[in-house]
Amino acid sequence: MSLSDLSLTDLRASLVKGDVTPVDAVDAALAVAKARDSEVHAFLDVHSDAARKRARELTDSGAYKKLPLGGVPVAIKDNLCITAEKLTCGSHILGDYRPPYTATAVEKLLAAGAVVVGKTNLDEFAMGSSTENSAFGPSKNPWDTTRAPGGSSGGSAAAVAAGMASAALGSDTGGSIRQPAAFCGVVGVKPTYGRVSRYGLVAFASSLDQIGPFTRTVADAALVLNTLCGHDARDATSASAPVPDFTAVLGQGLRGLRVGIPWTFLGDEIDAEVRAAFDRTVDAVKREGATVEEITLEYCDKGLPAYYVVANAEASANLARFDGIRYGYRAPEADNLNDVYTHSRRNGFGAEVKRRIFLGTYALSAGYYDAYYRRAQQVRTLIIRDFARAFERCDVVMLPTAPTTAFKLGAKSDDPILMYLNDVFTIPVNLAGLPGMSVPAGMSSEGLPIGVQLISRAFDESTMLRAAAGIERVADFPTGAVAPAKKGR
Amino acid sequence: MTRIDRDVVHHLEKLARIDLKPEEVDTITEQLSRIVTLVEALQKVDVTGIEPTQGIAHEAAGPLRADVVTPGLDRATVLAEAPDATKEFFRVPRVLGRGDES
């Protein structure tokens with residue numbers, strides 16, 4: 001077994017024992033990136049020199065043995081700032097921007113001894129479900145490189161799935177961690193809104209965005225969350241709730257848990273193999289001693305329209321800062337101030353970003369505010385109540401993560417609505433501010449991973465992780481597997 | 001409820017400060033119409049008496065930091081990222097009229 005195939009937990013055990021060094025671990029990750037990333041395109045920028053230098057320093061000092069993520073290679077979605085490292089958000093509008101500060105989430109990983117191996121690809125400004133909206137070309141799914149890795153954090157999911165990093169950070173506004181995790185056969189966690197500081201994350205929709213980890217096992221995700229979570233004075237929405245040791249409950253199993261399933265919300269537009277894997281998971285959690293409760297999420301089928309109003313209204317305001325004045329690209333031909341704005345934004349933004357800014361602007365414009373924006377916020381209240389009622393009867397809610405397995409590149413890129421439907425099961429969780437995660441639960445007949453999604457009460461990630469660990473043990477998926485290198489078929 | 005036509009899109013171009021390329025106008029008009037039709041599903045929900053949720057506040061009030069001055073970003077470092085700047089300020093082209101009228 002190659003070093004890059006080890007789970008983060010096992011890699012740490014080898015590092016602590018002294019079998020391997022941070023230099024070995026980082027070299028192994030960089031070697032996989034070198035061998036596979038010309039095909040997968042998970043990275044926009046590989047920080048080979050900086051990563052090797054830091055790994056050497058950690059190895060020489062020996063400090064890594066005592067640090068929780070000491071010597072672990074990690075990848076960072078390219079909408080998170082690292083001082084003096086290029087930041088693109090998958091867009092041309094940021095030009096050659098190099099931020100003068102580092103995101104808190106990245107600082108915490110670094111303080112825990114992790115080594116950043118590079119910045120990963122994403123849909124432009126995290127707007128998309130396939131990474132095909134990246135201005136720098138799509139990432140490919142490591143399980144089948146003719147298919148999308150999902151998105152928007154597709155580069156991070158692909159990097160972890162292919163063994164180019166032991167963990168990666170993504171951001172999730174409507175499913176952008178969970179859906180690519182499901183498509184790439186890895187674990188992806190969107191923590192409770194407020195759990196992880198967003199200082200240094202380029203904002204998409206501020207009432208929905210949350211940072212979280214990708215890993216190959218549930219235990220690995222718990223370890224990374226231990227480092228990531230906690231209050232930060234630099235993010236006004238950051239919560240002061242105490243952070244437990246998320247690894248503590250992983251061995252407790254499913255016995256006694258009440259798992260809620262909103263059967264009517266599942267509908268009939270789910271791919272048959274995804275549905276079959278979900279049904280097998282329901283049977284498995286019953287066998288393992290959990291009780292299954294039928295719940296109703298009455299308004300969650302309105303989550304998609306409510307999301308596309310709320311998220312894009314917020315995006316239209318957040319993306320106003322990209323105006324060609326303070327950083328990034330400025331249209332060279334503009335010779336008055338208004339043209340600097342209108343031309344820089346025309347040339348700098350891609351089609352999906354423009355579409356969403358226009359929709360958000362429309363929803364906020366005079367005469368439509370009450371009909372769209374206010375009404376969407378009212379539906380959001382109803383969705384929050386749906387979950388509150390559900391959690392009176394269960395401890396975790398279980399849903400498919402996405403209605404399909406990874407689709408072919410290009411299959412949905414001409415039809416925005418078809419693309420949006422990917423997120424039908426993940427969006428309500430962001431609207432309610434709850435924690436949600438995807439864990440591999442099976443494999444399709446074509447060899448494509450299938451995920452199930454678990455959702456828990458606010459700040460109760462522990463219960464969600466415990467359930468996920470239970471499912472991981474019995475799932476029809478090789479725990480912690482790296483996608484084998486092979487040609488697309 | 002509303003038809004998205006080219007006039008609406010031209011109005012949005014002004015509000016959003018994005019001049020679309022001519023070839024983009026028809027595409028975005030058609031796509032916005034379809035998305036707005038999707039969003040119309042919200043009109044079917046009875047929201048009488050329901051308070052709108054503007055943001056998630058799991059905690060009653062956010063903790064406040066101490067009211068002390070902390071270092072901000074270094075000015076020279078920040079200005080170095082601007083497309084055009086002096087030593088102290090961001091620089092923009094003239095605000096009124098055309099550059100060739102000076």
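The sequence lines fix the lettering, A, B, ..., with proteins before strands; numbering per chain opens at 1.
- A/T192 touches chain B through its side chain: at least one heavy atom from C-beta onward sits under 4.5 Å away, while N, CA, C and O do not.
- Contact of A/P100 with chain B is made through backbone and side chain together, with heavy-atom distances under 4.5 Å.
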Assess the residue pair A/R345 and B/D19 against the criterion (salt bridge (Lys or Arg N to Asp or Glu O under 4.0 Å)); give the C-alpha distance rounded to whole Å, side-chain angles, the decisive distance to 0.1 Å, and a yes or no. CA-CA 8 Å; A/R345 288 160 68 77; B/D19 276 356; over 6 Å; no

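- Between A/Y372 and A/Y368, the ring planes are tilted. Angles from 30° to 60° get that label.
- Between A/Y307 and A/F204, the angle of the ring planes goes over 60°, which puts this pair in the perpendicular group of the 30/60° scheme.
- Looking at A/A432, only its backbone comes within 4.5 Å of chain B, counting heavy atoms on both sides.
- Using a 4.5 Å cut-off between heavy atoms, A/D414 touches chain B through its backbone atoms (N, CA, C, O) alone.
- Of the two parts of A/T361, the backbone and the side chain both hold a non-hydrogen atom closer than 4.5 Å to a non-hydrogen atom of chain B.
- For chain A, the nearby parts of B/L12 are the backbone and the side chain; heavy atoms of each come within less than 4.5 Å.
- Proximity to chain B (any heavy atom under 4.5 Å) is shown, for A/A241, by both the backbone and the side chain.
- Using a 4.5 Å cut-off between heavy atoms, B/L42 contacts chain A through both its backbone and its side chain.
- For a residue to count as touching a neighbouring chain, one of its non-hydrogen atoms must lie under 4.5 Å from one of that chain's; by this rule A/D323 does not touch chain B.
- Highest contact tally toward chain B, considering only A/R385, A/R330, A/Q377, is held by A/Q377 [criterion: heavy-atom pairs under 4.5 Å].
- Contact tally against chain B (heavy-atom pairs below 4.5 Å) for A/F349, A/F358, A/F459: the top residue is A/F358.
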